[in-house]
J.: 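Okay, here's the structure, questions in a sec.
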Amino acid sequence: MRTVEAQLRRVLDAAVRPAPIRVDISASQGLLCAEEVVADRALPGFDQAAVDGFAVRSVDVLAAADEPVELPVVGEVAVGSRQAHRLQPGQAVRVATGAPLPTLADAVAPHDHTDAADDPASRATGHRARLTVKTPVPSAAWVRRVGEDVAPGDVVVRRGAPVGAAQVGLLAAVGRTKVLVHPRPRVSVLAVGDELVDLDRTPGTGQVVDVNSYALAAAASDAGAEVTRLGIAATEPAALREAVASALARSEIVVIAGGVGGRLGEDVQDTLAQLGPVDISRVAMHPGSVQGFGRLGGEEIPTFLLPANPVSALVAFEVLVRPLIRLTLGKQDLHRREVTAALLSPIASPPGRRSYVRGRLLRDRATGEYLAQPLGSSGSHLLSSLAEANSLIVVDEETTEIGMDAPVRVSFLAPRS
Ligand SMILES: Nc1nc2c(c(=O)[nH]1)N[C@H]1C(S)=C(S)[C@@H](COP(=O)(O)OP(=O)(O)OC[C@H]3O[C@@H](n4cnc5c(N)ncnc54)[C@H](O)[C@@H]3O)O[C@H]1N2
Ligand code: MOO
């Protein structure tokens, strides 16, 4: 039996990474940047007022520390003003937040530092108002300096950085319409099984609705892949070979649920062997121990044969496929967050296998301590208990029993609202 680690290594070694692509910045969110994005401009692009107030020379209002200083207001600069403004020593200009600062001004006195009054005498000289500055403002106060955020030549988004809302904002700010990113890996999902019918049919006696292609497609999409759910594959060898070959041609990862055991399994494996070597092995895990993996087709596309019991399929996906999708996306961190929790009821685990026990992770309000409640039976067909779970309790290979209150390793599943 191969350890989970050894199987994961084989899987990750087989990763096929799609070449980076250039996309609109609006489509880049959630992907990893594949280039160093260098700013060709400064942000802010010019010195500007950080508040509504009056642009002044700080030296002209120094004396306001002792007594109010009066200045004539010689003009007004609105946001977006494209006209050059200039003030002379001893003058003030009314400015709005974001307006370009007049030449010579090096500070803004906010409204609450000042009193402004209409002054007929100063109006006669062309000035609109007299300003009383009650508090001095030091140089650069209430000014957003050119290049303070980003200087030309700065890297605004690093290669390998996840693109989130702030990165999309920076790309827009430096005028980039497109950005090079690692695309989502394309994952194709198929199910095989003679008993399967699609969900638009009422299953007859002995028939089972195909759950796996839907559930695995959802899991792949949640992991960040671009998914094609191909549904139930024909089991007639030529048709199956054709279906898998066409999936290989359009995917970086192929996931097939079923075909691991029994007569059908042998037929499926024989057919797949025409496309490349498939290794069916027992992996030291529970559930999901019997599985197949190979690199198929000319491009050696990593291809999984997952055990068909729905819980086994999803757990095997979680443990082996999800990390491969994340690696293919370019992520550094391939695994879910793990915490240590106190076990709320005892669990058993088969010897020599790592168990993934469905659980609910709780937090003790008073102590902040994590608590793990194992859910129901461990049957691999019991999908509703996986739906109840928000985590998997991971029991190592050597342990066969864990008592109440003992510390256990718990891996988060997708966060739920
Ligand atoms: N000789 C052995 N037989 C089996 C073993 C074993 O170790 N030795 N392990 C059992 C376990 S556990 C699993 S899991 C399966 C894995 O084999 P397959 O992947 O070929 O699974 P099947 O036997 O075809 O199906 C198992 C179960 O799942 C249902 N199923 C199948 N496909 C779907 C689908 N798309 N959606 C929902 N449910 C599906 C199927 O009807 C069966 O009930 O092998 C066991 N046998
Ligand atoms: O491999 Mo089966 O994986 O335990 O349901």
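Note that the coordinates shown come from a computational prediction; the quantities given were computed from them, not determined experimentally. Atoms within a ligand are numbered from 1 in the order they appear, just like the ligands themselves.
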J.: Using a heavy-atom cut-off of under 4.0 Å, does the side chain or the backbone of A191 touch ligand 1, or both, or neither?
T.: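 Answer for A191: side chain.
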J.: Do the side chain of E148 and the main chain of R144 share a donor and acceptor less than 3.5 angstrom apart?
T.: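 Pair absent, no side-chain N/O of E148 close to backbone of R144.
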J.: Check ligand 1 against R282 and write out every atom of the ligand that is under 4.0 Å from a heavy-atom position of the residue.
T.: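 Matching atoms, with element in brackets: 6 (C), 7 (O), 8 (N).
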J.: Numbering the atoms of ligand 1 from 1, which are under 4.0 Å from a heavy atom of G261?
T.: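 Selected atoms, number and element: 17 (O), 18 (P), 20 (O).
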J.: If we only count heavy atoms from C-beta on, is the Q291 to P307 side-chain gap below 4.5 Å?
T.: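 Yes, their side chains come closer than 4.5 Å.
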J.: Just so I know, are the side chains of P323 and H335 near enough to count as touching, which here means a heavy-atom distance under 4.5 Å?
T.: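 Side-chain contact under 4.5 Å: yes.
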J.: For ligand 1, which atoms have a heavy atom of V209 less than 4.0 angstrom away?
T.: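 Those atoms are 36 (N), 37 (C).
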J.: Considering S380, S213, A308, which one's heavy-atom position lies nearest to atom 28 (O) of ligand 1?
T.: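 Nearest heavy atom to atom 28 (O) of ligand 1 lies in A308.
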J.: Which of the atoms of ligand 1 are close to P307, meaning less than 4.0 Å from one of its heavy atoms?
T.: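 Every atom of ligand 1 under 4.0 Å from some heavy atom of P307: 14 (S), 19 (O).
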J.: Verify whether the ring centers belonging to F54 and H113 lie closer than 6.0 Å.
T.: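 Here the rings of H113 and F54 have centres that are no less than 6.0 Å from each other.
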J.: Does any N/O atom on N212 come nearer than 3.5 Å to any N/O atom on ligand 1?
T.: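 By distance alone, the answer is yes.
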J.: Using a strict 4.0 Å cut-off to heavy atoms of V290, name the atoms of ligand 1 that fall inside it.
T.: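 So the answer, numbered in order with elements, is 7 (O).
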J.: Under a 4.0 Å heavy-atom limit, does E195 contact ligand 1 with its side chain, its backbone, both, or neither?
T.: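 Within the 4.0 Å criterion, E195 contacts ligand 1 through side-chain atoms alone.
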J.: Report yes or no: does G259 have a heavy atom closer than 4.0 Å to ligand 1?
T.: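 G259 counts as a contact of ligand 1 under the 4.0 Å cut-off.
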J.: Heavy-atom contact check, 4.0 Å cutoff: does H381 meet ligand 1?
T.: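 H381 does not count as a contact of ligand 1 under the 4.0 Å cut-off.
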J.: Would you check whether G262 reaches within less than 4.0 Å of ligand 1, judged by its heavy atoms?
T.: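 Heavy atoms of G262 never come under 4.0 Å of ligand 1.
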J.: Please enumerate all residues that pass ring pair (Phe, Tyr, Trp, His ring centres under 6.0 Å) together with F293, with sequence neighbours excluded.
T.: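 Once residues adjacent in sequence are excluded, the partners of F293 under the ring pair (Phe, Tyr, Trp, His ring centres under 6.0 Å) criterion are F304.
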J.: If you measure from each non-hydrogen atom of Q291 to ligand 1, which part falls under 4.0 Å: side chain, backbone, both or neither?
T.: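 Within the 4.0 Å criterion, Q291 makes no contact with ligand 1.
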J.: Of V410, I393, D405, which meets side chain to side chain contact (heavy atoms under 4.5 Å, CB included) against L343?
T.: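 It is I393; the other options fail the test.
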J.: Whether the side chain of S312 engages the backbone of P310 through a donor-acceptor N/O pair (distance < 3.5 Å, no angle test) should be reported.
T.: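 No, S312 side chain to P310 backbone: no donor-acceptor pair under 3.5 Å.
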J.: CG of N390 to CD of Q373: how many Å apart, nearest 0.5 Å?
T.: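 These two atoms lie 11.0 Å from each other.
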J.: Centre of F317's six-membered ring, under 6.0 Å away, within 45 degrees of the axis: is that where NZ or CZ of R322 sits?
T.: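 No - R322 does not lie over the ring of F317 by the 6.0 Å and 45° rule.
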